[in-house]
Amino acid sequence: MSAGAGPALAAPFRRFAAVDCTQDPLYVAICQAVAEAPELLALMAEAPATQRKPNLLLAALHEGVLAGVAHPLRDYYPSVGGTRLPDAALPAALLDFARLERPRLIEHLRQRSTQTNEIGRCAVLWPALQQIAVLTGRQELALLDFGASAGLNLGVDEYRYDYGRFALGAPAAAGRPTIACDWLGDAAPPPARPWRLAARAGLDPAPIDVGDEAAVRWLRACLWPHDRERALRLDQALALARRAGWRVQQAEDCLAAVEPWLDGLPAGVQPLLFNSWVLYYFSAEELTRLRERLGRLVRERGLLWLSAESPAQRPPGLALPPLAPGAEPSTLWTLQSATGVRALAWSHPHGRWLQWLG
Ligand SMILES: C[S@@+](CC[C@H](N)C(=O)[O-])C[C@H]1O[C@@H](n2cnc3c(N)ncnc32)[C@H](O)[C@@H]1O
């Protein structure tokens, strides 16, 4: 680590503790400890410059804990049954763990990036599919999850959605994920209309194989250790995905794989491309290319394009819709068809709430 790099590396950890992970006392304490420990900051410097983010080191440490490394640090992690609250002994335990597990941590820091697959987003995807069935008059939908990760959002019709005042989706059953989501605002859900996924597939440059325990452990490690609800539904969705065998195709250039997917669909289905929290990986040039190419497929091939991204990545020219009390400008759901673009919903990035825009 070069002289002067320490403060630059420490600042994101201080910010993460003060702003980003305040709900997780363990992560607050770890980030504060890392910011004060030059040896741990030097570890962070092993990651490529663009990846030197607190989330990555936190996930690398969590992965070691989840992999079963026997060490007192485990006692602090609720994800492995730990009940010890952060205390004065934590910084020393952290340093000791990092020394013992250094090769494993360095491998993660050099080679991985944080990767999640959040089925909470299906609490918005499900009514969006219903809305699409209403708008198009088609019951047979074909879903392409672009940037699918492990492909767990392909199971949208297998999950249950509890919106408080009402529920949607599959019937409640043992082992079936139930996603709790606050339905904000006055808009009613789209009118009931039967639809089914006649085809489903995913694309990703780095898909997670749901049958590969080490790969799946990295998905779990990227969740925060105190959030047992997210961890449980991830495990339930993984079990469903293993049984169902939904396919996520690896493609360096996912955009080039969209047209062949369209070509292979049965006649009469409504094709829908869906991306959620993928476009921030794209440079401005890549985003322009994506918009041109998908725009052409929307106009010429009847593709619908459903995008759930940060408002900064919304389709050009679309005005930001007003927010209901309690909603924040976090994830904007837009639908592009041959007749234009409309905003469908605002939502929490993990689907904890949604504001339907009708
Ligand atoms: C934050 S994850 C979101 C995964 C999933 N869409 C979800 O909502 O849970 C972003 C995903 O985008 C994928 N990705 C990155 N660059 C991409 C690209 N150029 N084309 C398609 N997917 C990409 C990553 O591999 C990762 O699986």
Side-chain angles (χ1 to χ4, degrees), residues 117-119 121-157 190 195-207 246-282 286-311 313-318 331-345 347 351:
N117 197 185
E118 182 46 67
I119 65 162
R121 295 173 187 141
C122 288
V124 195
L125 178 57
W126 199 97
L129 294 176
Q130 177 115 302
Q131 179 79 67
I132 285 165
V134 172
L135 288 172
T136 61
R138 285 189 169 169
Q139 291 186 13
E140 306 270 297
L141 309 179
L143 176 64
L144 181 65
D145 190 356
F146 185 89
S149 188
L152 302 181
N153 287 336
L154 293 172
V156 54
D157 53 344
W195 55 268
R196 80 175 187 100
L197 292 182
R200 66 187 96 198
L203 291 171
D204 202 293
W246 300 309
R247 186 161 166 269
V248 181
Q249 180 192 332
Q250 194 281 333
E252 287 312 319
D253 182 356
C254 292
L255 192 50
V258 176
E259 210 157 353
W261 172 76
L262 280 172
D263 293 339
L265 290 178
V269 299
Q270 172 58 58
L272 171 72
L273 182 141
F274 168 57
N275 51 269
S276 55
W277 285 96
V278 174
L279 300 189
Y280 67 92
Y281 284 87
F282 282 60
E286 287 168 335
L287 208 47
T288 302
R289 179 172 164 255
L290 179 91
R291 289 200 174 112
E292 281 170 7
R293 196 100 165 244
L294 292 185
R296 184 174 62 74
L297 295 177
V298 166
R299 287 189 306 276
E300 296 175 4
R301 303 285 307 266
L303 178 70
L304 292 179
W305 178 12
L306 178 65
S307 187
E309 300 286 345
S310 112
Q313 271 114 16
R314 70 187 183 280
L318 184 75
T331 304
L332 183 63
W333 292 66
T334 60
L335 181 66
Q336 188 167 338
S337 70
T339 55
V341 184
R342 65 174 74 195
L344 284 188
S347 80

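One-based numbering along the sequence shown.
A donor-acceptor pair is defined here as one N or O able to donate and one able to accept, closer than 3.5 Å; such a pair exists between the side chain of Glu309 and the backbone of Trp277. Judged by distance alone, with hydrogens and angles left aside, the side-chain atoms of Thr136 form a donor-acceptor pair with the main-chain N or O of Arg138 at under 3.5 Å. With hydrogens and angles ignored, the 3.5 Å screen pairs no side-chain donor or acceptor of Asn117 with any backbone N or O of Ser149. When atom types are taken as modelled, the side chain of Gln270 and the backbone of Leu141 share no donor-acceptor pair closer than 3.5 angstrom.
Pairing each heavy atom of Trp261 with each of Ala142, the nearest pair is CH2-O, 3.5 Å. Nearest heavy atom pair, residue Ala338 against residue Val298, reads N-CG1, 3.5 Å. Scanning both residues, Thr331 and Ala308, for their nearest heavy atoms gives CG2-C, 3.8 Å. Scanning all heavy atoms of the two residues, the minimum distance from Leu154 to Gly202 falls at CD1-N, 3.9 Å. Shortest non-hydrogen contact noted between Pro271 and Leu265 is CB-CD1, 3.7 Å. When all heavy atoms are compared, the tightest approach of Pro127 to Pro190 is O-CG, 3.3 Å.
Between Leu273 and Leu297 the shortest side-chain heavy-atom distance does not fall below 4.5 Å. Residues Asn153 and Leu143 form no side-chain contact, since every pair of their non-hydrogen atoms from C-beta on lies 4.5 Å or further apart. In this structure, the side chains of Leu287 and Tyr280 stay at 4.5 Å or more apart for every pair of heavy atoms. Annotation: side chain of Pro205 is in contact with side chain of Cys254 (closest heavy-atom distance under 4.5 Å). In this structure the side chain of Leu318 reaches within 4.5 angstrom of the side chain of Leu332, judged on heavy atoms. For the pair Thr334/Leu306, no side-chain contact is recorded, criterion being any heavy-atom separation below 4.5 Å from C-beta on. The closest side-chain heavy-atom distance from Leu335 to Leu304 is below 4.5 Å. Residues Leu279 and Ser307 have side chains in contact (heavy-atom distance under 4.5 Å, counting atoms from C-beta outward).
Every residue meeting the salt bridge (Lys or Arg N to Asp or Glu O under 4.0 Å) condition with Arg289, not counting sequence neighbours, appears here in chain and number order: Asp253. The salt bridge (Lys or Arg N to Asp or Glu O under 4.0 Å) search around Asp204 returns none, not counting sequence neighbours. Among residues two or more places apart in sequence or in another chain, the side chain to side chain donor-acceptor pair (under 3.5 Å) test is passed with Glu286 by Ser283. Partners of Glu300 under the salt bridge (Lys or Arg N to Asp or Glu O under 4.0 Å) rule, at least two apart in sequence or in another chain, are Arg296. For Phe274, the ring-ring contact (aromatic ring centres under 6.0 Å, His included) partners at least two apart in sequence or on another chain are Trp333. Not counting sequence neighbours, Arg314 has no partner by the side chain to side chain donor-acceptor pair (under 3.5 Å) test. For Gln139, the side chain to side chain contact (heavy atoms under 4.5 Å, CB included) partners are Pro194, not counting sequence neighbours. In terms of the side chain to side chain donor-acceptor pair (under 3.5 Å) criterion, residue partners of Glu118 (sequence neighbours excluded) are, by chain and number, Arg230, Arg233. Residues satisfying the side chain to side chain donor-acceptor pair (under 3.5 Å) test with Trp305, not counting sequence neighbours, are Asn275. Residues that satisfy the salt bridge (Lys or Arg N to Asp or Glu O under 4.0 Å) test with Arg196, not counting sequence neighbours, are Glu140.
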For side-chain contact (heavy atoms from CB on, under 4.5 Å), just list the numbers for Leu203 and Leu144, CA-CA rounded to whole Å, side-chain angles, deciding distance to a tenth of an Å, and then say yes or no.
CA-CA 7 Å; Leu203 291 171; Leu144 181 65; 3.9 Å; yes
Residue pair Leu272, Ile132: steps toward the side-chain contact (heavy atoms from CB on, under 4.5 Å) verdict
CA-CA 9 Å; Leu272 171 72; Ile132 285 165; 3.7 Å; yes
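Atom CZ of Arg342 sits in a sparse spot, with 12 or fewer heavy atoms from other residues, nucleotides or ligands closer than 6.0 Å. Counting non-hydrogen atoms of neighbouring residues, nucleotides and ligands closer than 6.0 angstrom, the CZ atom of Arg293 exceeds 12 such neighbours.
For residues 123-132, the side chain to side chain donor-acceptor pair (under 3.5 Å) pairs, not counting sequence neighbours, are Gln130-Trp195. Each salt bridge (charged side-chain N to carboxylate O under 4.0 Å, His left out) pair with one or both residues in residues 267-282, not counting sequence neighbours, would appear here, but there are none.
Arg301 has a carboxylate O that lies under 4.0 Å from a charged side-chain N of Asp263, or vice versa, which qualifies the two as a salt bridge. Arg200 has a carboxylate O that lies under 4.0 Å from a charged side-chain N of Asp157, or vice versa, which qualifies the two as a salt bridge.
Rounded to the nearest 0.5 angstrom, Tyr281 OH and Gln313 CD are separated by 12.0 Å.
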